[in-house]
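Read the structure below first, then the notes.
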Number of protein chains: 2
Amino acid sequence: MTQTSDRVYADLHREILTGGRVPGSRLREEEIAETFGVSRTPVREALRRLSADGLIELIPHRGAEVVRWAADDIEELFDLRCLLEGHAARRAAQRGEVDLERLRELCARMEAHLDDTDPRAADEITRLNMEFHRTIHRAGGRALPDLLTRVIEVPVVRRTFDEYSAEELRRSFGQHRELVNALAAGDGDWAEAVMRSHLRAARASWRTHRRQAELPTGQEPRTPETDKD
Amino acid sequence: MTQTSDRVYADLHREILTGGRVPGSRLREEEIAETFGVSRTPVREALRRLSADGLIELIPHRGAEVVRWAADDIEELFDLRCLLEGHAARRAAQRGEVDLERLRELCARMEAHLDDTDPRAADEITRLNMEFHRTIHRAGGRALPDLLTRVIEVPVVRRTFDEYSAEELRRSFGQHRELVNALAAGDGDWAEAVMRSHLRAARASWRTHRRQAELPTGQEPRTPETDKD
DNA sequence: CGCTCCTACTTTGTACACAACTTCGGAGGT
DNA sequence: ACCTCCGAAGTTGTGTACAAAGTAGGAGCG
């Protein structure tokens with residue numbers, strides 16, 4: 001659990017989220033064990049944790065495969081995220097234990113990448129943005145962070161901020177700043193409203209880019225394993 | 001994963017929820033392995049799953065112990081449950097794919113135990129009630145059931161319907177019936193409202209019985225391992 | 001030609017042995 | 001008397017071997 005297993009988990013986790021492991025592809029224990037140069041034992045533990053995260057599905061005596069999410073499921077997750085993160089923002093504002101300085105620092109670091117043309121800038125923004133939201137989750141209560149992890153990671157799969165236009169980025173960062181203001185004011189209603197609109201905007205953007213990304217490839221009409229569910 | 005591990009997981013899960021394993025007590029792999037007559041390997045897998053459920057906490061090189069939940073944390077979980085189950089009820093009503101016949105059957109079976117004096121009746125009602133709520137969760141979307149499991153199981157620890165008075169039971173069952181009506185009507189607002197009041201009532205009952213159970217024992221002021229968190 | 005059954009292979013599930021880490025106790029020094 | 005350091009006991013982490021289950025391919029039969 002502590003060292004080898006953690007490393008395998010973290011690496012597989014990243015591979016799945018960045019698209020190195022395609023949804024539907026199988027994960028064989030031995031193959032992964034060889035790749036990382038470890039035995040199957042820590043690999044198994046890592047796979048169980050990924051399964052608990054909802055990122056892969058374990059089938060008895062058959063192995064694991066990366067979960068495929070239909071568009072409807074992602075829509076549902078956006079709704080849940082809106083609900084739970086709105087709640088987290090409200091609670092964080094009311095309890096007043098949120099680390100405002102840290103949030104402002106994260107805002108500044110994200111804004112510093114506004115005119116950054118380096119392709120890796122999107123990854124960095126994604127990381128900072130995740131940390132920004134997580135900070136609010138933690139301030140919202142004890143049970144919220146774990147719950148939100150399951151809801152957020154999935155729609156984030158294969159999606160980073162490189163799909164955002166400069167204008168969308170600017171608006172998104174502006175909402176972050178307003179969120180910090182609402183939290184600083186201790187106004188739960190305000191914080192929840194900003195968070196909800198922030199996430200609705202993200203969903204709208206996702207819908208737009210999804211349509212653009214879908215048509216060219218043309219691999220959607222098949223729905224290989226989804227139809228039997 | 002399939003046979004031995006599942007059995008160990010299910011048994012430990014039940015032991016924790018029924019109070020056989022007290023919060024704060026440690027779980028040693030070897031002891032559990034001997035008790036069940038299996039090796040440590042499936043025991044480890046079961047412990048990881050319980051950890052993912054939020055029922056136990058794993059400490060590297062030290063072992064696992066049953067999670068202690070403070071009263072404030074349980075309050076928070078009731079809030080989240082209210083939020084998510086209300087959402088589930090709304091969605092279930094709007095989508096109209098809920099199995100109304102099954103819900104009515106579960107209602108009838110619960111009501112049949114209203115005048116049952118058998119002490120095991122409370123366990124049966126708890127089981128039926130859980131199934132009633134789960135049916136609605138499933139009708140509310142794909143991601144909701146797993147999410148709600150984590151939120152609901154914890155406050156249910158060591159608590160069954162034997163603490164309910166006959167009047168509380170009757171009111172609770174009446175709310176179930178009204179919920180079915182709201183779902184049948186496809187009225188999302190109605191369904192959500194009924195669900196939320198149903199759960200708020202449950203929380204009020206929990207608060208009352210908690211105060212009664214707390215004072216006699218007098219073991220609360222110590223807070224053994226909680227103070228360091 | 002198609003269907004069924006059987007065998008061989010692939011992959012996961014469990015047991016067991018050893019290594020690594022943490023913790024607690026006592027001996028020694030200041 | 002107290003603090004520090006060292007060592008032994010106990011518990012988890014990892015590696016490896018074997019058992020069990022599932023899957024796919026081909027041979028035999030209808």
Side-chain angles (χ1 to χ4, degrees), chain A residues 1-13 15-16 20-68 224-229, chain B residues 1-13 15-16 20-68 224-229:
Chain A
M1 181 81 181
T2 307
Q3 41 201 36
T4 311
S5 169
D6 278 346
R7 193 169 57 83
V8 174
Y9 168 78
D11 286 354
L12 283 177
H13 190 274
E15 283 184 19
I16 293 173
R21 303 273 181 175
V22 175
S25 66
R26 292 189 56 177
L27 303 161
R28 293 189 307 108
E29 295 178 359
E30 203 166 4
E31 172 240 319
I32 297 167
E34 284 180 20
T35 305
F36 288 92
V38 298
S39 88
R40 275 176 51 215
T41 309
V43 172
R44 286 177 66 83
E45 305 227 337
L47 291 179
R48 303 308 143 120
R49 287 170 69 184
L50 291 169
S51 169
D53 290 342
L55 290 177
I56 69 174
E57 185 183 8
L58 257 49
I59 306 153
H61 288 104
R62 280 215 34 196
E65 59 181 45
V66 182
V67 170
R68 303 182 73 96
E225 280 85 11
T226 316
D227 48 3
K228 69 179 175 186
D229 290 333
Chain B
M1 181 78 181
T2 306
Q3 43 201 34
T4 310
S5 169
D6 278 345
R7 192 169 58 82
V8 174
Y9 169 78
D11 285 355
L12 283 178
H13 189 273
E15 284 184 19
I16 293 172
R21 303 273 182 177
V22 175
S25 65
R26 292 188 56 177
L27 303 162
R28 293 189 308 108
E29 296 179 357
E30 202 166 2
E31 172 239 319
I32 297 168
E34 284 180 20
T35 304
F36 288 93
V38 299
S39 87
R40 275 177 49 214
T41 310
V43 172
R44 285 177 67 81
E45 307 228 335
L47 290 179
R48 304 308 145 117
R49 287 170 69 183
L50 291 169
S51 170
D53 290 342
L55 291 178
I56 69 175
E57 185 183 6
L58 258 48
I59 305 154
H61 288 102
R62 280 215 32 195
E65 59 181 47
V66 181
V67 171
R68 301 182 73 96
E225 280 85 10
T226 317
D227 48 3
K228 69 180 177 187
D229 288 334

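Proteins get letters first, then strands, A, B, ... in listed order; numbering begins at 1 in each. Atoms considered below: every heavy atom in the structure, side chains included; atoms not considered: hydrogens, waters and symmetry mates. Quantities reported herein were computed from a predicted structural model and do not represent experimental measurements.
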message: Quick check: on DNA chain D, is the nucleotide nearest A:Arg40 upstream (toward 5') of the one nearest B:Ile59, or the reverse? Name the residue that is more 5'.
response: B:Ile59
query: Which of the following nucleotides, D:dA21, C:dA20, C:dA15, is nearest to the side chain of B:His61?
result: C:dA20
message: Measure CZ/A:Arg44 against P/D:dG15 and give the value in whole Å, please.
response: 14 Å
message: Please pick, from C:dT22, C:dG13, D:dT23, the nucleotide with the shortest atom-to-atom distance to any side-chain atom of A:Glu29.
response: C:dG13
query: Do you know which two heavy atoms are closest between B:Ser25 and B:Val22, and how far apart they sit?
result: OG-O, 2.6 Å
- prompt: Are A:Arg49 and A:Asp6 close enough for a salt bridge, meaning some N to O gap below 4.0 Å?
  reply: yes
- prompt: Should B:Glu57 and B:Arg68 count as an ion pair when the cut-off is N to O under 4.0 Å?
  reply: no
message: Rounded to whole Å, how long is the line connecting atom CZ of B:Arg7 with atom C1' of C:dG13?
response: 14 Å
Nucleotide D:dG13, atom P - distance to CD of B:Glu30 in whole Å: 14 Å
- line: Walking DNA chain C from its 5' end, the first of A:Thr41 and A:Ala64 to be reached, judged by nearest nucleotide, is A:Ala64
field: Separation of atom CD in B:Glu45 from atom C1' in C:dG13, rounded to whole Å
entry: 8 Å
- request: Grab the CZ-C1' distance between B:Arg62 and C:dC24 for me, whole Å please.
  value: 12 Å
message: Quick check on DNA chain D: between B:Gly63 and A:Ser39, whose nearest nucleotide comes earlier from the 5' end?
response: B:Gly63
task: Might you confirm whether atom CD of A:Glu30 has over 12 heavy atoms from other residues, nucleotides or ligands at distances under 6.0 Å?
output: no
- prompt: So, is B:Arg28 near the phosphate of D:dT11, with a side-chain N or O under 4.0 Å from OP1 or OP2?
  reply: yes
- prompt: Please give, in whole Å, the distance from C:dT23 P to B:Arg26 CZ?
  reply: 9 Å
Qualifying residue for salt bridge (charged side-chain N to carboxylate O under 4.0 Å, His left out) with A:Glu31, from A:Arg21, A:Arg26, A:Arg40: A:Arg21
message: What is the distance, to the nearest angstrom, from the CD atom on A:Glu65 to the C1' atom on D:dG22?
response: 15 Å
- request: Specify the separation, in whole Å, of atom CG of A:Leu58 and atom C1' of D:dA21.
  value: 15 Å
task: Would you tell me if any nitrogen or oxygen in the side chain of B:Arg48 comes within less than 4.0 Å of OP1 or OP2 on D:dG13?
output: yes
